[in-house]
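The structure appears right after this line, and notes come after that.
Along the sequence shown, the residues carry numbers beginning at 1. All values reported here derive from a predicted model rather than from experimental measurement.
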Amino acid sequence: MRAAVIVFPGSNCDRDLAGAFARVGGRPAEMVWHKEPALPAGLDVVGVPGGFSYGDYLRCGAIAARSPIMRAVAEFARRGGLVLGVCNGWQVLIEAELLPGALLRNHGVTFLCQDVTLRAETRESPFTASLPQNALLRMPIAHHDGAFFAEAEILRRIESDGRVAFRYADAAGHVDAGSAPNGSTRAIAGVLSENRRVLGMMPHPERAVDPALGQADGALLFESVAAATLANAPG
């Protein structure tokens, strides 16, 4: 699996994301500075990391979405390339109009840093195809503006198309109005693009790939991406 990770001023999860791709994919990820006009050739997946790109000035992800490299990321996505945006990366992908909806200030206007349980809602994507049906994954969140919101028609379309990738759940996998610690609409924690090749999610799978750190459920997502790229490899 050949991966690249975009680096913005203020990124603080880029090395973690690159490490997760390398750990599962077997080769180092390429780090791409935000001012680059193009992506390296031959990529399978691009990661847009968490952090505070451009200091979250103006609006989270808004400035980063207009950086030179994001034009190349958008073109990569349009050609069917895999793109994973985590936390601030999801905010960037929404601002770049690669994913629908918006990410609003957390309920209670509080920065949240805690572990959460996610329920996988679909296996119909390269990011989730290797997960067990209705898999429960444990991984951390760390955000201030992570409450997903979409207008009623957009929300209806996302749900009817099966493009909700993950929801916040309790330890038993139940989802209700109180499942999302940030107040996210219908407890949505991750959303897929129309072609299911772009995923934005608020929790951090890259921080949950090493059993030595007490969490390894995030590795399942990266393993699913690796399997998908292997399946599509020539020959």
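Side chain of N88 to backbone of S53: a donor-acceptor contact under 3.5 angstrom is found. A donor-acceptor pair under 3.5 Å is absent between the side-chain atoms of R167 and the main chain of A187, judged by distance alone. Looking at T128, its side chain never comes within 3.5 Å of a backbone N or O of L131 through a donor-acceptor pair. Using a distance-only test at 3.5 Å, with no hydrogens or angles considered, no donor-acceptor pair links the side chain of T229 to the main chain of M1. Between the side chain of N195 and the backbone N or O of R197, at least one donor-acceptor pair lies under 3.5 Å. When atom types are taken as modelled, the side chain of D44 and the backbone of A3 share no donor-acceptor pair closer than 3.5 angstrom. Under a 3.5 Å cut-off, the side chain of R196 and the backbone N or O of G162 do form a donor-acceptor pair. Of the possible donor and acceptor atoms, none in the side chain of R138 sits under 3.5 Å from a partner among the backbone N and O of D217. Formation of a donor-acceptor pair under 3.5 Å by the T185 side chain with backbone atoms of F148 is found in this model. No side-chain donor-acceptor contact under 3.5 Å links N106 to the backbone of V109.
Note that CG of D145 and CG of L112 are 10.5 Å apart. Values are rounded to the nearest 0.5 Å.
Partners of S130 under the side-chain hydrogen bond (donor to acceptor under 3.5 Å, both in side chains) rule, at least two apart in sequence or in another chain, do not exist in this structure. For E223, there are no side-chain hydrogen bond (donor to acceptor under 3.5 Å, both in side chains) partners at least two apart in sequence or on another chain. Taking S11 as the reference, nothing meets the side-chain hydrogen bond (donor to acceptor under 3.5 Å, both in side chains) condition, with sequence neighbours excluded.
In the displayed structure, E124 atom CD is contacted under 6.0 Å by at most 12 heavy atoms of other residues, nucleotides or ligands. Atom CD of E75 sits in a crowded spot, with more than 12 heavy atoms from other residues, nucleotides or ligands closer than 6.0 Å. Counting heavy atoms of neighbouring residues, nucleotides and ligands inside a 6.0 Å radius, atom CZ of R15 does not exceed 12 of them.
F111 shares a hydrophobic cluster with F52; the chain of contacts runs through ILVMFWY side chains whose heavy atoms sit under 4.5 Å apart.
Between R23 and D210, some side-chain heavy-atom pair lies under the 4.5 Å cut-off. Looking at I63 and F8, their side chains never come closer than 4.5 Å, going by heavy atoms from C-beta outward. For the pair H143/Q91, no side-chain contact is recorded, criterion being any heavy-atom separation below 4.5 Å from C-beta on.
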Check: residues 80-87 side-chain donor-acceptor pairs under 3.5 Å, at least two apart:
none

Name each donor-acceptor pair under 3.5 Å that joins a side chain in residues 25-43 to protein atoms two or more places apart or in another chain, with its distance.
from	atom 1	to	atom 2	distance (Å)
E30	OE2	R2	NE	2.7
E30	OE2	R2	NH2	2.5
H34	ND1	Y54	OH	2.5

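Looking at every heavy atom in both residues, L136 comes nearest to A172 through CD1-C, 3.9 Å. The two residues G218 and V209 have their closest heavy-atom pair at C-CG1, 4.0 Å. Shown here for P49 and G47, the closest heavy-atom pair between the two residues is CD-O, 3.8 Å.
Looking at E153 and R157, a side-chain N of the basic residue comes within less than 4.0 Å of a carboxylate O on the acidic one, giving a salt bridge.
Under a hydrophobic clustering in which Ile, Leu, Val, Met, Phe, Trp and Tyr are joined whenever their side-chain heavy atoms come within less than 4.5 Å, directly or via other members, Y168 and F149 fall into different clusters.
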